[in-house]
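Accompanying notes for the structure given below.
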Number of protein chains: 2
Amino acid sequence: MVSDHDEMSDSDSARVTIKDVARAAGVSIATASKALNDRGRMMVETRQRIRDVAASLGFMPNAMARALVSQRSFTIGLLTNDTYGRFTLPVAAGLSEALIDRGVSVFLCAFEDDAERAAINLRSMQEKRVDGLVIAGKRIDRGLPIDLPRLPMPVVRVYSLCRDDEIGFVPDDLEGARSAVNHLIACGRRRIAHITGPTSFHAVRLRAEGWTEAVEAAGLPLLAGPQFGDWSEAFGYASGERLLTLPASERPDGVFCGNDQIARGLIDALTLGGVRVPDDVSVVGFDNWEVFAKATRPPLTTVDMGLNELGRQAGLTLLDLVAGKPVVPGVRRLACRLVVRSSCGTRPL
Amino acid sequence: MVSDHDEMSDSDSARVTIKDVARAAGVSIATASKALNDRGRMMVETRQRIRDVAASLGFMPNAMARALVSQRSFTIGLLTNDTYGRFTLPVAAGLSEALIDRGVSVFLCAFEDDAERAAINLRSMQEKRVDGLVIAGKRIDRGLPIDLPRLPMPVVRVYSLCRDDEIGFVPDDLEGARSAVNHLIACGRRRIAHITGPTSFHAVRLRAEGWTEAVEAAGLPLLAGPQFGDWSEAFGYASGERLLTLPASERPDGVFCGNDQIARGLIDALTLGGVRVPDDVSVVGFDNWEVFAKATRPPLTTVDMGLNELGRQAGLTLLDLVAGKPVVPGVRRLACRLVVRSSCGTRPL
DNA sequence: CATCGAAGAAAAAACGTTTTCCCAATCCGA
DNA sequence: TCGGATTGGGAAAACGTTTTTTCTTCGATG
């Protein structure tokens with residue numbers, strides 16, 4: 001019936017302040033502060049003594065008192081509508097890891113597409129005086145269901161719609177798609193199809209464009225053009241079944257899928273239909289969602305969007321902004337990385 | 001080359017303090033504070049006037065100044081080693097949603113099993129003076145790679161090992177397993193197998209126990225006992241292939257799987273081998289990881305651990321602790337919920 | 001008429017830091 | 001020995017709140 005954080009546990013547990021340190025070290029508060037922060041001038045042994053005393057007392061500076069005077073809270077907010085976390089979690093991890101080393105902590109504000117909750121979270125972040133905001137979404141052509149009035153703090157966006165005068169980070173879908181297709185070509189494939197999500201997604205259009213460019217650049221046929229559907233495994237499966245109905249001569253020998261789920265469904269259908277992957281058909285996915293990519297038979301070669309890195313860079317850029325450094329506005333497209341597993345067969349050299 | 005949060009944007013954007021409000025309303029700071037916080041006595045129109053002024057100025061109280069004096073930061077920390085987020089993300093969402101309404105924000109501290117980073121995060125949380133800590137893990141029989149010295153703040157645990165004198169929240173694996181098996185029985189199944197993860201997981205042992213109890217309670221055979229393996233789809237697939245080698249009379253007609261991935265692999269193997277699910281064999285999973293459960297053919301009936309609710313309750317309990325309310329220590333096992341889809345066939349009444 | 005009470009509002013202390021002065025001592029060269 | 005620089009350290013203001021205490025009024029009571 002008790003809590004385990006007794007106030008009076010040991011001499012050191014009751015919040016020790018810099019005043020306690022100063023008194024114990026026989027110096028003034030100002031000197032103690034300067035000693036601990038490597039500021040001002042004083043004898044080196046004085047500085048060390050104060051530090052030793054602070055350590056032995058278990059002193060931890062109160063970040064809020066510090067924030068109050070320095071006008072920097074060393075916190076930032078991560079606002080996202082991706083509660084499921086497919087995209088946001090890697091971003092958050094990258095962000096958090098990059099910032100913790102600089103003493104900055106991250107408030108997680110996840111909300112469904114519920115404008116009211118979003119507003120509450122936003123207000124909360126303002127009251128908590130975060131130094132900046134990272135806005136993360138789940139598609140690059142949508143903003144959050146909340147309009148940001150002119151905020152008193154810098155903002156960067158990740159995997160979200162971004163105006164020209166804002167600063168955003170997205171994966172380079174176009175180049176990622178190209179590299180996927182080029183990998184198929186390097187594996188000796190000549191008839192390369194593209195099966196992907198709904199055209200309403202900008203990412204879909206970009207990836208389709210990348211496919212088109214790479215295929216045309218190699219002087220290969222565009223077959224029937226991109227096959228648009230939804231993001232599901234079921235669509236991939238259905239597409240696979242459709243492919244099976246084609247005469248072998250018209251069948252593609254390589255497929256670039258818009259995401260890993262589609263690829264998964266496609267491979268399942270092909271395998272069930274007696275078409276071997278990668279012997280008969282090579283498949284490349286998109287997302288590198290490992291739980292899928294590693295579980296397909298064979299494991300899936302796919303494009304990793306580098307979400308972790310996206311988060312990291314967003315964090316560092318936000319810190320620059322906070323520090324008042326000039327940052328060119330606009331959206332940065334970070335390189336994707338092809339993760340080669342075994343769904344494409346012969347490795348190119 | 002500029003940041004979009006110009007300091008001097010409009011009259012209201014340069015941080016407005018309570019002093020500004022007081023001056024604009026022609027009262028003292030003390031009066032302004034009382035008006036805004038519904039404290040003290042004053043003419044009702046004075047109160048309203050102050051509030052109107054505050055609103056028109058866009059006043060937002062500085063949470064850190066407030067925290068400094070009230071000794072409550074209205075923040076808590078979520079420490080987790082589950083950077084992948086399979087378990088933590090739903091917990092975080094539930095936690096965050098429950099707390100935001102009470103004005104409490106959540107710091108996300110995710111680290112790999114890297115003790116040093118964990119320590120940095122922990123120290124950061126202490127300096128930020130969080131009111132409490134939620135420790136979330138990815139298995140119920142492991143703590144975090146960090147020993148918590150007697151912390152000056154209350155702690156609750158979620159999906160993590162928990163000493164008797166601590167407060168923890170975990171799903172009721174035993175009962176969840178029982179309900180899964182009972183569902184199979186209600187669907188008319190008599191030979192119910194259990195295919196699950198490694199015995200080193202406590203969750204595995206609990207689920208196996210639930211399976212055993214429910215099967216025995218119904219007077220049914222335990223067959224060959226639980227089949228332990230790993231959590232992968234590949235293991236489920238291999239198990240399915242093994243089942244196919246059995247003579248039909250010895251084959252189970254219902255399988256309770258330790259997680260959804262195993263179930264997925266199992267169903268794939270059975271389907272490929274010509275055994276129909278659910279007509280010939282019913283399958284129940286565990287986790288309700290929707291991206292799997294909904295993608296299996298047929299969609300998977302599975303046990304939902306209620307991670308969201310776990311997070312919610314943990315948050316509310318932590319708040320009680322912070323408020324000094326007495327809370328009985330120990331671990332709470334929250335009910336799981338069977339999500340019925342179509343992998344078991346005939347719905348029980 | 002003097003006093004009392006209460007209502008309304010202000011003054012000031014406190015929270016725990018950082019930082020800007022400022023002061024006293026020591027040192028150096030002349 | 002004197003004047004100025006340098007060195008080591010302290011006093012106090014500031015950050016933006018809440019809260020306790022004190023101070024006016026003003027009307028009512030004895």
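Chain naming here is simple, since letters A, B, ... match the order of the sequence lines and numbering starts at 1 in each. This structure is a prediction, so every number in the text was calculated from the model and none was measured. Note that these values count all heavy atoms, side chains included, but never hydrogens, waters or copies made by symmetry.
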Query raised in the report: Does atom CG of B:Asp101 have more than 12 heavy-atom neighbours from other groups under 6.0 Å away?
Result: yes

Requested in this report: Name the residue closer to the 5' end of DNA chain D, choosing between A:Ala65 and B:Arg66 according to the nucleotide with the nearest heavy atom.
Outcome: A:Ala65

Report task. Tell me whether the OP1 or OP2 atom of D:dT18 has a side-chain N or O from B:Ser33 closer than 4.0 Å. Result -> yes

Requested in this report: Using whole Å, report how far CG of B:Leu36 lies from C1' of D:dT18.
Outcome: 12 Å

Report task. Take the protein atom CG of B:Asp20 and the nucleotide atom P of D:dG16, then report the distance between them rounded to whole Å. Result -> 9 Å

Report summary line: Applying side chain to side chain donor-acceptor pair (under 3.5 Å) to A:Asp52 and not counting sequence neighbours gives A:Gln48

**Report entry** N/O donor-acceptor pair under 3.5 Å between B:Ser105 side chain and B:Thr75 backbone
**Finding:** no

Report task. Provide, to the nearest angstrom, the distance between the CZ atom belonging to B:Arg72 and the P atom belonging to C:dC15. Result -> 18 Å

Requested in this report: Can you tell me the distance, in whole Å, between the CZ atom of A:Arg15 and the P atom of C:dC15?
Outcome: 15 Å

Query - Derivation and outcome, ring pair (Phe, Tyr, Trp, His ring centres under 6.0 Å), residues A:Phe169 and A:Tyr159 - result: CA-CA 6 Å; A:Phe169 293 82; A:Tyr159 214 83; over 10 Å; no

Query raised in the report: So, does A:Arg39 use its side chain to make a donor-acceptor pair with the main chain of A:Asn37 at under 3.5 Å?
Result: yes

Produce the list of close N/O pairs, under 3.5 Å, pairing protein atoms with atoms of nucleotides 8-12 of chain D; give distances to one decimal.
from   : atom 1 : to      : atom 2 : distance (Å)
D:dG9  : OP1    : A:Thr46 : OG1    : 3.2
D:dG9  : OP2    : A:Met43 : N      : 3.2
D:dG9  : OP2    : A:Thr46 : OG1    : 3.2
D:dG10 : OP2    : A:Ser28 : N      : 2.9
D:dG10 : OP2    : A:Ser28 : OG     : 3.1
D:dG10 : OP2    : A:Thr31 : OG1    : 2.5
D:dG10 : O6     : A:Lys34 : NZ     : 2.8

Report task. In whole angstrom, give the distance that lies between atom CD of A:Gln71 and atom P of D:dT17. Result -> 11 Å

Query raised in the report: Side chain of B:Asp131, backbone of B:Ser73: donor and acceptor closer than 3.5 Å?
Result: yes

Report summary line: A:Met64 atom CE is separated from C:dC15 atom P, nearest whole Å, by 15 Å

Query raised in the report: Is the count of non-hydrogen atoms from other residues, nucleotides or ligands lying under 6.0 Å from B:Glu116 atom CD greater than 12?
Result: no

**Report entry** Atom-to-atom span, NZ of A:Lys19 to P of C:dT18 - whole angstrom
**Finding:** 14 Å

Query raised in the report: If you check the B:Phe59 side chain, which of D:dT17, C:dT17, C:dC15 turns out closest?
Result: D:dT17

Query raised in the report: Rounded to the nearest Å, what distance is computed from the CZ atom of residue B:Phe74 to the C1' atom of nucleotide D:dT17?
Result: 13 Å

**Report entry** Below 4.0 Å: OP1/OP2 of C:dT18 and any side-chain N or O of A:Arg39
**Finding:** no

Query raised in the report: Does a side-chain N or O from A:Asn62 land closer than 4.0 Å to OP1 or OP2 of C:dC15, or not?
Result: no

